[in-house]
Amino acid sequence: MADTKSAKLVLNDQSYDLPILTPTIGPEVLDIRKLYGQADVFTYDPGFTSTASCDSTITFIDGDKGELWYRGYPIEQLAAKSHYLEVCYLLLYGELPDADQLKDFESRVTHHTMVHEQMNNFFRGFRRDAHPMATMVGVVGAMSAFYHDSTDIADPWQREVAAIRLIAKLPTIAAMAYKYSIGQPFVYPQNELDYASNFLHMCFSVPAAKYTVDPALARAMDRIFTLHADHEQNASTSTVRLAGSSGANPFACIAAGIACLWGPAHGGANQAALEMLKEIGTVDRIPEYIARAKDKNDPFKLMGFGHRVYKNFDPRAKVMKESADEVLDLLGIHNNPTLQVAKELEKIALEDEYFIEKKLYPNVDFYSGIILSAMGFPTSMFTPIFALSRTVGWIAQWKEMIGDPQNKIGRPRQLYVGSNKRDYVDVAKR
Ligand code: SDX
């Protein structure tokens with residue numbers, strides 16, 4: 001980016017030139033890196049509503065047009081024509097692979113899907129009723145103890161191995177977290193299965209019976225992985241970047257991303273959205289919940305609605321809604337009350353002045369839970385599935401940051417509004 005233009009800031013009778021950085025597409029960026037050094041002032045932006053934390057070549061979002069591109073390819077095309085491991089290759093290396101590159105990449109991932117056998121004991125330290133996200137945060141963080149030979153971030157080869165290990169092992173770990181929570185034995189990955197089929201097999205097969213994955217369900221699962229793969233500088237990706245900026249190893253950084261994703265305002269919304277739809281239960285109760293969502297004194301929010309960036313519609317939600325119809329039809333689930341409530345809730349909300357004025361639309365988490373529930377997953381597995389899907393995005397963004405010569409530790413400042421300097425008072429005099 002050439003900083004050909006600049007903005008002028010006049011402050012305390014001084015004027016400062018702020019270079020304007022020009023993107024490929026999207027808003028221009030004011031470069032304020034030298035502002036504190038020149039003007040002794042900070043900028044103030046809690047929640048980072050107007051802040052670009054980095055430059056990136058990976059994902060582009062246009063919130064007004066409802067566009068999402070991975071390396072320039074629209075999500076609608078990738079969801080329809082590509083598959084998750086090809087999207088992983090695209091996000092990691094920047095280009096779509098040729099046939100040989102794809103075959104090699106898929107083979108490398110396939111041959112890293114097993115986890116260290118000692119990890120089985122690690123799981124046994126958790127209570128059976130532990131939320132699978134708690135287990136995943138712990139187990140993924142512990143990977144730095146099991147795979148110490150791919151933690152040196154200065155070694156490009158170790159960074160590459162860590163990336164492949166994380167993409168390959170997250171489905172195995174998520175499936176193990178699920179099996180552990182329901183008291184069933186762990187199921188090993190099968191190399192002859194594709195990525196999505198392998199995950200479904202590890203979750204739903206049992207030693208006592210043969211389990212054949214339905215290819216149509218595997219396709220729907222794979223599409224869900226693709227829709228969640230990356231999303232620019234969202235909260236969990238920013239967490240991974242900030243953790244990585246200190247030089248922490250990749251497994252610790254991804255564990256930090258999983259922890260952040262768990263929040264109900266972020267990836268935890270898919271679990272909260274389905275629980276909300278089930279709580280509403282029937283279409284006639286929707287107005288009561290719409291009123292609560294609009295009531296300033298009620299903390300209730302319509303889970304699966306709204307987005308910091310999308311102010312028109314979330315393109316992922318559109319694909320997910322189509323997929324929900326397909327999967328329920330495939331499974332012979334007609335007139336699913338939860339899907340009916342979801343569709344009616346969307347219709348009512350989108351015609352309501354409050355939601356129109358605040359630009360609140362269904363996001364990626366609104367319909368995903370309906371599909372996952374129909375597939376047989378409990379709500380507690382929704383965010384672990386989001387986490388395993390997003391691992392490639394986190395890793396691609398982490399690799400981009402580590403490889404950036406400008407990379408330095410992230411260290412924001414603050415607007416201090418606490419006490420002024422004062423002297424200590426002995427307890428006897430307080
Ligand atoms: C994800 O960033 C990403 O890209 C995230 C993600 C990704 O792929 O990584 O897309 C995944 O996290 C999707 C979002 C999932 N979260 C939810 O569905 C939870 C419900 N949504 C809200 O919590 C909220 O919409 C956020 C957190 C998603 C966005 O919050 P913002 O951008 O900080 O907006 P805000 O909270 O300031 O809301 C603006 C206004 C507020 O009213 P006012 O204070 O202006 O009067 O809209 C209201 C909010 O009260 N509002 C809602 C609402 N969301 C916002 N009112 C009712 N229901 C909602 N869902």
Side-chain angles (χ1 to χ4, degrees), residues 33 47-48 51-59 88 91-93 109 112 115-116 118-119 122-123 125-126 132-174 177 228-263 266-268 383-384 386-414:
R33 283 174 289 183
F48 310 120
T51 294
S53 62
C54 62
D55 48 68
S56 180
T57 60
I58 299 171
T59 294
C88 287
L91 288 169
L92 285 173
Y93 307 116
V109 172
H112 277 282
V115 295
H116 191 294
Q118 189 69 13
M119 267 197 168
F122 193 90
F123 271 88
F126 290 93
M133 283 297 279
T135 317
M136 283 182 75
V137 168
V139 173
V140 172
M143 286 176 78
S144 36
F146 285 92
Y147 302 105
H148 202 70
D149 59 344
S150 58
T151 53
D152 177 1
I153 63 166
D155 178 348
W157 174 245
Q158 291 197 34
R159 297 204 296 264
E160 178 69 14
V161 170
I164 297 293
R165 276 174 163 161
L166 281 156
I167 292 165
K169 297 179 196 305
L170 257 288
T172 309
I173 291 168
H228 287 84
D230 192 50
H231 212 239
E232 198 216 70
Q233 305 311 319
N234 59 83
S236 53
T237 299
S238 300
T239 300
V240 171
R241 279 182 172 261
L242 197 55
S245 74
S246 77
N249 74 69
F251 305 110
C253 294
I254 298 305
I258 295 172
C260 176
L261 185 78
W262 195 1
H266 192 13
T383 311
F386 191 153
L388 83 83
S389 311
R390 182 56 56 89
T391 293
V392 64
W394 288 331
I395 275 294
Q397 300 269 353
W398 173 80
K399 283 181 74 178
E400 182 177 66
M401 176 196 70
I402 296 288
D404 179 350
Q406 293 185 84
N407 171 37
K408 56 171 58 178
I409 191 165
R411 206 288 186 205
R413 299 305 301 274
Q414 64 181 6

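In this chain, numbering begins with 1 at the start of the sequence shown.
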Tell me, which pairs form a side-chain hydrogen bond (donor to acceptor under 3.5 Å, both in side chains) where one or both residues lie in residues 240-249, sequence neighbours left out? Gln233-Arg241, Arg241-Gln397, Arg241-Glu400
Parallel, tilted or perpendicular: rings of Phe386 and His228 (30°, 60°): perpendicular
Closest approach of Ile167 to Cys88 (non-hydrogen atoms, all atoms of both residues): CG2-SG, 4.2 Å
If you look at every heavy atom in His112 and Ile164, which pair is closest and at what distance? CD2-CG2, 3.5 Å
What heavy-atom pair brings Val115 and Ile173 nearest, and what distance separates the two atoms? CG1-CG1, 4.0 Å
Between the CG atom in Asp230 and the OG1 atom in Thr391, the distance rounded to the nearest 0.5 Å is 11.0 Å
Does Ile258 form a side chain to side chain contact (heavy atoms under 4.5 Å, CB included) with Met133? I'd like the steps, not just the answer. CA-CA 8 Å; Ile258 295 172; Met133 283 297 279; 3.5 Å; yes
Shortest non-hydrogen separation from Ser150 to Ala162 and the atoms involved: O-CB, 3.5 Å
With rounding to the nearest 0.5 Å, note down the distance linking CH2 in Trp262 to CE in Met136. 11.0 Å
Are His266 and Cys260 side-chain neighbours, meaning at least one heavy-atom pair lies under 4.5 Å? yes
Measuring only between side-chain heavy atoms, which start at C-beta, is Pro250 closer than 4.5 Å to Trp398? yes
Nearest 0.5 angstrom please: Ile395 CD1 to Ile254 CD1, how far? 4.0 Å
How close do Thr239 and Gly257 get, counting heavy atoms only, and between which atoms? CG2-N, 4.2 Å
Take Met401 and Val240 through the side chain to side chain contact (heavy atoms under 4.5 Å, CB included) test and state the conclusion after the steps. CA-CA 10 Å; Met401 176 196 70; Val240 171; over 6 Å; no
Interatomic spacing from CD1 in Ile153 to CG in Asn407 - rounded to 0.5 Å: 7.5 Å
Taking salt bridge (charged side-chain N to carboxylate O under 4.0 Å, His left out) as the cut-off, I'd like each qualifying pair that reaches into residues 138-155, sequence neighbours left out, listed once. Asp149-Arg165
Once rounded to the nearest 0.5 Å, what's the spacing between atom CG of Asn234 and atom CZ of Arg390? 4.5 Å
Measure the shortest side-chain to side-chain distance between Trp394 and Cys253 over non-hydrogen atoms and say whether it is less than 4.5 angstrom. no
If you take all heavy atoms of Phe126 and Gly138, which pair is closest and at what distance? CZ-CA, 4.3 Å
Check the angle between the aromatic planes of His116 and Phe146 and answer parallel, tilted or perpendicular using the 30° and 60° thresholds. tilted
Enter the distance from Arg33:CZ to Lys408:NZ here, rounded to the nearest 0.5 Å. 8.5 Å
Under a 4.5 Å cut-off applied to non-hydrogen side-chain atoms, are Tyr93 and Lys399 in contact? yes
